Amino acid sequence: VLSGRGFAFRRKQKIEQQYRKLLKKRRQVHSQQDDQFTDTYPEHLKHLYLAEEEKLKKRRRTPDDAVSPEEKLNKAADGCGIYGYVYLMILSVSRTCTFSSRSVGTQEKFKNKTSNQKAKEEYEKIKAEHARKKEEAEKRKQQREEAQRLYKKKKMEAYKILSKKTKKGQPNLNLQVEFLLQKIQQ
């Protein structure tokens, strides 16, 4: 290992890569939001979508908060090197954690199901499917066991008839012929 190329260097490179990935994602999200209000809407509704776009732009940057605290941190992080990257990673993780803990009241506003609800429904469907398959397997098993029991019973009866002997120890041909006659008649 060359000097300065140990585990700390690799950790530093990993954090820098994650930071670059985070910046790239942010740029993609902003570009997707900008492309949201394009000419793909019908002409008679276009003015509504343009008005909505202007509202969103105003909401994104209001005149009273010209520079948000996050932008200040970004500027500070650019000058700090690796420590700024680490701080930004911690900040992004904490922001995602607080975002996920929304109140139940805000979720009721959305008519679409959340991913958790979808996952629960899918789990219930899979569980019901497994229960149904288990029942079918149990029925097949019982039918198979019943068929085997009947087969063994018939085999035993046939064996008893065919293995009977006379007083002298000879096979009883009369019983064997009667058995064959019954089989033919069936």
Side-chain angles (χ1 to χ4, degrees), residues 1 5-33 35-38 40-42 45 49 85-86 88-186:
V1 176
R5 301 282 184 195
F7 70 92
F9 180 74
R10 285 194 295 269
R11 188 184 329 154
K12 177 184 167 188
Q13 282 185 329
K14 184 178 179 185
I15 292 171
E16 286 175 352
Q17 181 186 15
Q18 288 174 346
Y19 175 68
R20 277 188 242 110
K21 203 188 280 187
L22 180 70
L23 287 178
K24 197 175 191 182
K25 279 185 183 178
R26 282 186 183 169
R27 274 187 238 125
Q28 287 176 353
V29 167
H30 288 305
S31 67
Q32 286 174 355
Q33 286 176 351
D35 295 342
Q36 191 174 11
F37 303 100
T38 56
T40 58
Y41 301 110
L45 297 176
Y49 291 109
Y85 296 137
V86 170
L88 281 175
M89 292 300 290
I90 293 169
L91 181 70
S92 68
V93 167
S94 66
R95 198 176 330 126
T96 56
C97 290
T98 57
F99 178 76
S100 64
S101 60
R102 278 188 278 168
S103 66
V104 178
T106 58
Q107 287 181 352
E108 290 174 359
K109 291 179 184 177
F110 300 112
K111 291 183 180 178
N112 295 340
K113 296 175 184 172
T114 63
S115 60
N116 190 27
Q117 289 171 334
K118 288 179 185 175
K120 280 184 181 178
E121 284 184 1
E122 192 171 325
Y123 171 74
E124 292 299 325
K125 284 180 187 175
I126 291 171
K127 199 173 179 181
E129 182 71 20
H130 281 300
R132 187 181 60 79
K133 285 183 179 179
K134 198 171 185 179
E135 275 185 29
E136 288 177 1
E138 189 66 32
K139 285 181 185 176
R140 284 196 304 269
K141 185 178 177 184
Q142 287 176 354
Q143 288 174 350
R144 188 170 51 243
E145 287 174 353
E146 182 67 23
Q148 284 178 345
R149 194 179 56 76
L150 287 174
Y151 174 76
K152 285 181 180 179
K153 185 179 176 184
K154 285 183 180 179
K155 273 290 217 190
M156 277 305 292
E157 289 174 358
Y159 176 75
K160 283 180 181 175
I161 292 172
L162 295 175
S163 64
K164 286 208 172 176
K165 309 280 186 194
T166 59
K167 290 178 183 174
K168 293 184 178 179
Q170 300 295 316
N172 194 338
L173 294 177
N174 289 335
L175 291 177
Q176 289 181 4
V177 170
E178 284 180 20
F179 176 74
L180 289 174
L181 180 64
Q182 285 177 359
K183 226 180 186 183
I184 291 169
Q185 286 174 350
Q186 287 176 357

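The structure presented is a predicted model; accordingly, all values stated were derived computationally and were not measured.
- Salt bridge annotation for K125-E122: absent, with no cationic side-chain nitrogen under 4.0 angstrom from a carboxylate oxygen.
- Atoms NZ and OH, on K120 and Y123 in that order, are 11.5 Å from each other to the nearest 0.5 Å.
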Please assess F9 against Q13 for the test side-chain contact (heavy atoms from CB on, under 4.5 Å), listing each intermediate value before the final yes or no. CA-CA 6 Å; F9 180 74; Q13 282 185 329; 3.1 Å; yes

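- Atom-to-atom distance recorded for Q186:CD and L181:CG is 10.5 Å, nearest 0.5 angstrom.
- The shortest heavy-atom contact between L175 and K164 is CD1-CD, 3.6 Å.
- Around NZ of K165, the count of heavy atoms belonging to other residues, nucleotides or ligands within 6.0 Å exceeds 12.
- Every residue two or more places apart in sequence or in another chain that forms a salt bridge (charged side-chain N to carboxylate O under 4.0 Å, His left out) with E121 is listed here: K113.
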Please walk me through it: do E129 and R132 pass salt bridge (Lys or Arg N to Asp or Glu O under 4.0 Å)? CA-CA 5 Å; E129 182 71 20; R132 187 181 60 79; 2.3 Å; yes

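- Taking CZ of F7 as the start and CZ of R10 as the end, the distance is 9.0 Å to the nearest 0.5 Å.
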Before you tell me yes or no, could you show the steps for E16 and R20 under salt bridge (Lys or Arg N to Asp or Glu O under 4.0 Å), namely the whole-Å CA-CA distance, both residues' side-chain angles and the distance that decides it to 0.1 Å? CA-CA 6 Å; E16 286 175 352; R20 277 188 242 110; 3.8 Å; yes

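- Residues E146 and L150 have side chains in contact (heavy-atom distance under 4.5 Å, counting atoms from C-beta outward).
- Looking only at side-chain heavy atoms (C-beta outward), K160 and M156 come within less than 4.5 Å of each other.
- Taking a cutoff of 4.0 Å between a charged side-chain nitrogen and a carboxylate oxygen, E145 and R149 do not qualify as a salt bridge.
- Here the straight-line distance linking atom CD of Q176 with atom CG of N174 works out to 9.5 Å at 0.5 Å rounding.
- Expressed to the nearest 0.5 Å, how far CD1 of I161 lies from CG of L180 amounts to 10.5 Å.
- Expressed to the nearest 0.5 Å, how far NZ of K118 lies from CG of N112 amounts to 6.5 Å.
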